[in-house]
Amino acid sequence: MSTKQENPGPQAAVSPERTQASSITKRIVEAVAGRARNGDPVRVLGLTGPPGTGKSTIAAELANALPEAGLAVAGMAPMDGFHMSNALLAARGLADHKGAPDTFDVGGYVALLGRVRRADGVVLAPDYRRDLHEPVAASLPVEVDGVVITEGNYLGLELPGWADVRGLIDLLVYIDTPFEELASRLIDRHVSFGRDRSDAAHWVRTVDAANMTLVERTKARADLIVSL
């Protein structure tokens with residue numbers, strides 16, 4: 001009888017970014033579970049850090065990982081859902097730095113976080129469609145019970161309007177990433193959504209880099225700092 005083993009074939013490679021995201025997700029789940037055990041449950045979980053850190057990827061992983069750990073998820077309420085529309089940005093002369101703090105409806109974001117904290121009914125949060133480059137209203141249902149996951153660049157910002165966000169977040173996690181890695185990721189992201197590579201690099205240097213520096217200053221306001 002032959003004892004030859006069949007070759008199972010090559011396994012799908014896991015990207016370093018995915019591995020990093022999974023490691024960070026595990027740490028965040030442990031932090032949320034620890035709060036729950038201590039009688040201090042997390043209603044609003046915030047993920048922040050400069051653009052390109054993988055906040056959306058980690059938020060999506062948490063939506064699966066938290067229930068696996070016995071922690072209910074009420075829904076998602078991303079900051080990017082409060083981008084101003086492209087038409088409004090153009091009308092106000094803000095289109096050339098879309099993504100900066102003054103290009104968001106921060107009052108609407110603060111109001112939404114207040115509503116989900118009160119948990120007096122299902123809330124419909126807006127989402128941001130990267131394929132459309134536009135926010136879409138009433139896209140994401142947030143239930144009464146469970147953890148609400150919100151993510152965005154400016155959750156720890158202390159500018160007028162934005163300063164009200166931090167007090168509405170029970171556990172704020174800052175995802176720290178080297179600048180060089182962020183720049184490379186952001187250029188690739190802009191190219192994937194249709195920008196010419198040279199134009200993408202220029203946008204990263206002139207718009208994204210300023211936002212990275214601004215967000216870096218908010219690190220001290222986080223409850224937990226995780227590094228890629």
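One-based numbering along the sequence shown.
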For the pair N211 and Y154, evaluate side chain to side chain contact (heavy atoms under 4.5 Å, CB included) and give the outcome as yes or no after the intermediate values. CA-CA 9 Å; N211 295 337; Y154 306 125; 3.2 Å; yes
Let me see the working for R166 and D223 under salt bridge (charged side-chain N to carboxylate O under 4.0 Å, His left out), right down to the final yes or no. CA-CA 11 Å; R166 180 65 185 91; D223 298 299; 2.8 Å; yes
What verdict does the side chain to side chain contact (heavy atoms under 4.5 Å, CB included) test give for L214 and R217, after you've listed the backbone C-alpha separation in whole Å, the side-chain angles of each residue and the deciding distance to 0.1 Å? CA-CA 6 Å; L214 186 64; R217 297 173 187 155; 4.0 Å; yes
As a quick check of understanding, evaluate side chain to side chain contact (heavy atoms under 4.5 Å, CB included) for H97 and T206, giving each step before the final call. CA-CA 9 Å; H97 63 280; T206 59; over 6 Å; no
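Here CG of D164 is found 11.5 Å from CG of L159. Values are rounded to the nearest 0.5 Å. I169 contributes atom CD1, which lies 9.5 Å from atom CZ of R221 (distance to the nearest 0.5 angstrom). Separating the CG atom in L157 from the CE atom in M79 is a distance of 9.5 Å, to the nearest 0.5 Å. For the atom pair CG of L224 and CD of E30, the computed distance is 10.0 Å after rounding to the nearest 0.5 Å. A distance of 5.5 Å separates CG in L66 from CG in L71, rounded to the nearest 0.5 Å.
Exactly one residue among V42, I149, L47 makes a side chain to side chain contact (heavy atoms under 4.5 Å, CB included) with I28. That residue is L47.
Residue K219 places its NZ atom among more than 12 non-hydrogen atoms of other residues, nucleotides or ligands, all under 6.0 Å distant.
Considering only heavy atoms from C-beta on, K98 stays 4.5 Å or farther from F104 through its side chain. Looking at E61 and S22, their side chains come closer than 4.5 Å, going by heavy atoms from C-beta outward.
Minimum interatomic distance between V110 and V165 (heavy atoms only, all atoms of both residues): CG2-CG2, 3.8 Å. Closest of all the heavy-atom pairs between I58 and A21 is CG1-CB, 3.9 Å. Between V142 and M76, the closest heavy-atom pair is CG2-O, 3.6 Å. Nearest heavy-atom pair, N153 versus G49, reported as atom, atom and distance to 0.1 Å: OD1-O, 3.4 Å. Scanning all heavy atoms of the two residues, the minimum distance from V29 to A65 falls at CG2-CB, 3.8 Å. Annotation for D127 and S139: closest pair CB-CB, 3.8 Å, computed over non-hydrogen atoms.
Ion pairing of D80 with R130 is present here, as a side-chain N (NZ or NE/NH1/NH2) and a carboxylate O approach within less than 4.0 Å. The pair R43-D170 does not meet the salt-bridge criterion, since no charged nitrogen lies less than 4.0 angstrom from a carboxylate oxygen. Using a cut-off of 4.0 Å between Lys/Arg side-chain N and Asp/Glu carboxylate O, R115 and D120 are scored as not salt-bridged.
Residues that satisfy the ring pair (Phe, Tyr, Trp, His ring centres under 6.0 Å) test with H202, not counting sequence neighbours, are absent from this structure. Remark: D145 pairs with no residue by the side-chain hydrogen bond (donor to acceptor under 3.5 Å, both in side chains) rule, at least two apart or across chains.
There is a side-chain donor-acceptor pair under 3.5 Å between E151 and S56. A donor-acceptor pair shorter than 3.5 Å can be found between the side chains of Y109 and T150.
Ring planes of H83 and Y128: tilted class, angle from 30 to 60°.
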